[in-house]
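Below is one structure; the comments refer to it alone.
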Amino acid sequence: MDLSNRYNSKESEEKWGRFWEENHLFHTEVNPDKEPFTVVIPPPNITGILHMGHALNNTLQDILVRYKRMKGLETLWMAGTDHAGIATQNVVEKQIAREGKKRQDLGREEFLKRLWAWQKQYGDTIIHQLKKLGSSCDWDRTRFTMDEHYSQVVTSVFVQLYEKKMIYRGQHIINWCPRCQTALSDEEAEHKEVKGALYHFRYPFKDDPAKYVTVATTRPETMLGDTAVAVHPKDKRYKKLIGKILILPLMNREIKIIADEYVDPKFGSGAVKVTPAHDPNDFEIGKRHDLEFINIMHPDARLNEKAGRFAGMDRFTARKEVVNALKELGALDRIEDHLHSVGHCYRCHTVVEPYLSKQWFVKMKPLAKPAIEVVKKKKIKFYPARWTKVYLNWMENIRDWCISRQIWWGHRIPVWYCPVCPEDKNVIVANMTPQECPRCHSKKLIQDEDVLDTWFSSWLWPFATLYWPQNKKDVEYFYPTSVLFTASEIIFFWVARMIMAGLEFTGKIPFSDVYIHGTVRDDKGQKMSKSLGNALDPLEIINEYGADALRFSLIMNSGQDLFISKDKFEIGRNFANKIWNATRLILKNVPDNMDFQKQFAKLKPKDLDRESCWIISRFHSTLAAVSRAIEQYRFSEAETLIYEFFWGNYCDWYLEMSKDKLAQETTQVVALSVLEQSLKMMHPFMPFVTEEIASKLPGHQGSLVRQSWPNLKKRLIDREIETQMQRLIEIIVAVRNLRKELNIALMEQIDITFSVDKEDIAFIEDYSPVLKKIAKINHLSCTTKDQESIPPLAKIAVVGTIKCFIPVCVEDIQKEKEKIEIQYQQKLAALERVKARLQNADFLQKAPAPVVEKDKLTQETLEREIEELKRTIDRFSSR
RNA sequence: GGGCGGUUAGCUCAGUUGGUAGAGCAGUUGGCUUACAUUCAACAGGCCGUAGGUUCGAGCCCUGCACCGCCCACCA
């Protein structure tokens, strides 16, 4: 067979990708004879394209899934995409903004049409990209979070929770994104440390305007909505002032001094301005003291008419203006630098505003309780285990979940309001659009405008994708799923909520293992993102290096967080190429129609040479370790083992030792068998190249996908021979060392003598043929230690108890010595020159710094080299 | 404020029952040996952050400290 000396990744990826898909090799069915293994994909958002995080996440899943499939389990990897409410709506809004339009210009219906069009296009794109990566999902089952059935499940789950009184609607301070113009959950507000300022203001007393109370804030504009000042009830400084009236500057509103335990007397002045409509703590204080709630802001964060003369200003403009105005009034006490954490929208990074509004919430405490239990009882385990604590800590302090979003793209909240019935009795929650109000039979019902949080659908993913609850057969067989792969950022958003939903709705845990992998960063440690311009595009890497190279290299680096630069992908590409070329060597030498598997089965140990026994033993040792590593989710370790075995043992030593025996049938059979078994072992990691190569082996049929994982044969593991071969390798390295020292070319035949203990004579004799061949030894003599006679002028290398030496003649040594002495003198002279230059520079102080630096470096280098040469000369003299 | 992770060769990192420090890349030297220059051979390079402790023995276990990074929290 004639094969190119470079592995062509593009060609075979296209070929095998198509082959797998056309033959539905990843398709799964309920099969009572087989044990099921299920993984659900973390559904990528339909916002755009595959990034490195996806590549890592899906490679990890694919390795395990392909491994389990080969182990004979009925392995379902559920594929799909997420509608990603806010994120997708944002990108489509940007798209129509280019036409100069807003979503309101299109209207809800038209806008949603655009979104569905987007979904059609980008949903397919991302699936296509997952396929290019080699992901072996059951594509026949591909789901989308807004599929009809899936949406029904979302609705029914909402209704269920509502009926259990676990969903409620209420006025609360929520995180509001003024740009997306929607409420966010606490998790969707990312807190970042920001250098801000703490502004101290003076609020004068009504009855004595000369006196005042100092309060502090990081958001001056909110003072326009203040309705009280709070102090700690036991604070001596303020005790007698409680109940007094202050005049709120700029607004000239009378506000009372109230006492509340919340206030920390040690912070600032010990007095707090209270803005119940714009701060969660103040909101609570406001409720406790029955204060007025003044909302001073429009949804887009411009101030409203309640803000007096500041109305219409953006919040940050108003911030400056309020400070200026207070300064003019003499009410500004001081401004301090202040480091504090500020919430940002996780989708558009705008500073979120604590905002009072009416939203839907899920009561989380009752859901969290069993979800804490299952993790504490180790029904669900995190890998690495340290994430358990992170999970538990969050769950134990969980707060209610704001699930309504003021956007259009998503699952519409299944709530209708009757305009006739009174305010608190007008809510109708139903699975289907109700025809009339059950109380007053009015037919003019109005549906809630809002949609549900994206994660309110994602949390059902492990079972809703199986057509729960209708498809009992699939659910019973494939659910609970086996393991979930995700990044740590997603634990709260998704993992925790899936556990709660699984327990609440199916009564079962959704998965038993959670594998948390690292984040992909650039080589400087920054998160990869399009906006930073440091993102490496997986598709570009696939194009340039190949999908297997991408996969292999990513996993190689996946111990913790990954710091990736482009050149890291060479290791995978080179390895794929190495496998390819090893195969070329073998195929060149074996007949096309050889039934090597059958012949291998018939081989007896006595038919085999030592190298063959060794490589077979090494294969099975590696296989055992690789299987164990995969089962324990130690994927990078598994790859290292494979790499060392295939390149370091099979190619570097076995094939080198066997090259000239490849005409012999036994060698052919062993070489081919180990290759074929190795391909199977490597297939989960590098599916394309292994398929391509396997297909070229004699007698090969079909695909590796459904072949079985190599059988571990412990009796073929021979520790003894592995140790012996290790020793032999060390000896060969030592001999090569000698040649290097003596300047003898690698290919030049040499004579060598070994001086060994008596019991090692047999070892040397046994291995002498291969030793002579690999180390290019012409004449090999062996003496025992008691009668050894090493000539005085020999080069000696010691390997354990074995000494090897080559005699050398006096002239050679003399010549070499002279050469080195000349070098030594030259370097010494050079050093003197550099030193002189440096001294001169110091003295005159006019040499530019780089020159001095360079000379210093040169001096260091020279000194090191001189040291080295001196040592060499000493060695010559001691002989 | 609480919690977690890291600190090992110039760079990126392995190092799971505590037993004489490893890989890849970069570097130096030498090889076009018809499988592979996406290669082969050889070399060099580490008080394993710091101070103590446990132990016959610590990169690994315990304690303190320093620096870096991450997460959580109602830090007006």
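Both backbone and side-chain heavy atoms feed into the values below; hydrogens, waters and symmetry mates do not. Each chain gets a letter, A, B and so on, in the order the sequences are listed, and its residues count up from 1. If you're wondering where the values come from, they're calculated on a predicted model, not measured in any experiment.
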Rounded distance (Å) that lies between atom [atom2] of [N] and atom [atom1] of [X]:
X: A:Arg736; N: B:C40; atom1: CZ; atom2: P; result: 11 Å
X: A:Glu570; N: B:A26; atom1: CD; atom2: P; result: 7 Å
X: A:Ile774; N: B:C40; atom1: CD1; atom2: P; result: 14 Å
X: A:Ile777; N: B:U33; atom1: CD1; atom2: P; result: 21 Å
X: A:Arg584; N: B:A35; atom1: CZ; atom2: P; result: 8 Å
X: A:Leu585; N: B:C40; atom1: CG; atom2: P; result: 13 Å
X: A:Lys776; N: B:G30; atom1: NZ; atom2: P; result: 21 Å
X: A:Arg739; N: B:G31; atom1: CZ; atom2: C1'; result: 12 Å

Select base, sugar-phosphate, or nothing to describe what [X] touches, counting heavy atoms under 4.0 Å on all strands.
X: A:Arg634; value: base
X: A:Glu193; value: base
X: A:Thr218; value: sugar-phosphate
X: A:Arg6; value: base
X: A:Asp282; value: nothing
X: A:Asn577; value: base
X: A:Gln632; value: nothing
X: A:Arg628; value: nothing
X: A:Val263; value: base
X: A:Ala271; value: base
X: A:Thr217; value: sugar-phosphate
X: A:Val272; value: base
X: A:Phe575; value: nothing
X: A:Lys389; value: sugar-phosphate

Looking at A:Trp401, is A:Arg497 sitting on its ring face, NZ or CZ under 6.0 Å from the six-membered ring centre and within 45 degrees of the normal? yes
So, [X] and [Y], do they make that salt bridge, N to O below 4.0 Å?
X: A:Asp660; Y: A:Lys773; answer: yes
X: A:Arg219; Y: A:Glu353; answer: yes
X: A:Arg315; Y: A:Glu221; answer: no
X: A:Asp513; Y: A:Lys381; answer: no
X: A:Arg334; Y: A:Glu336; answer: yes

Rounded [atom1] spacing from [N] to [M] in Å:
N: B:U33; M: B:A26; atom1: C1'; answer: 26 Å
N: B:C62; M: B:C68; atom1: P; answer: 24 Å
N: B:U16; M: B:C60; atom1: C1'; answer: 10 Å
N: B:C13; M: B:U8; atom1: P; answer: 9 Å
N: B:A41; M: B:A9; atom1: P; answer: 26 Å

Query raised in the report: Any donor-acceptor pair under 3.5 Å between the side chain of A:Lys578 and the base of B:C36?
Result: yes
Margin query: Is it the case that the base of B:A35 and the side chain of A:Glu656 share a donor-acceptor contact (distance under 3.5 Å, atom types as modelled)?
Written below: yes
Whichever of A:Arg573 and A:Arg386 has the more 5' nearest nucleotide on RNA chain B, that residue is A:Arg386
Of the listed B:C72, B:U12, B:A35, the closest approach to the A:Leu655 side chain comes from B:A35
The nucleotide from B:A35, B:C43, B:A73 with an atom nearest the side chain of A:Val733 is B:C43
* Asked: Between A:Asp235 (side chain) and A:Arg237 (backbone), is there a donor-acceptor pair under 3.5 Å?
  -> yes
### Query
Does A:Asn581 make a side-chain N or O approach to OP1 or OP2 of B:U39 shorter than 4.0 Å?
no
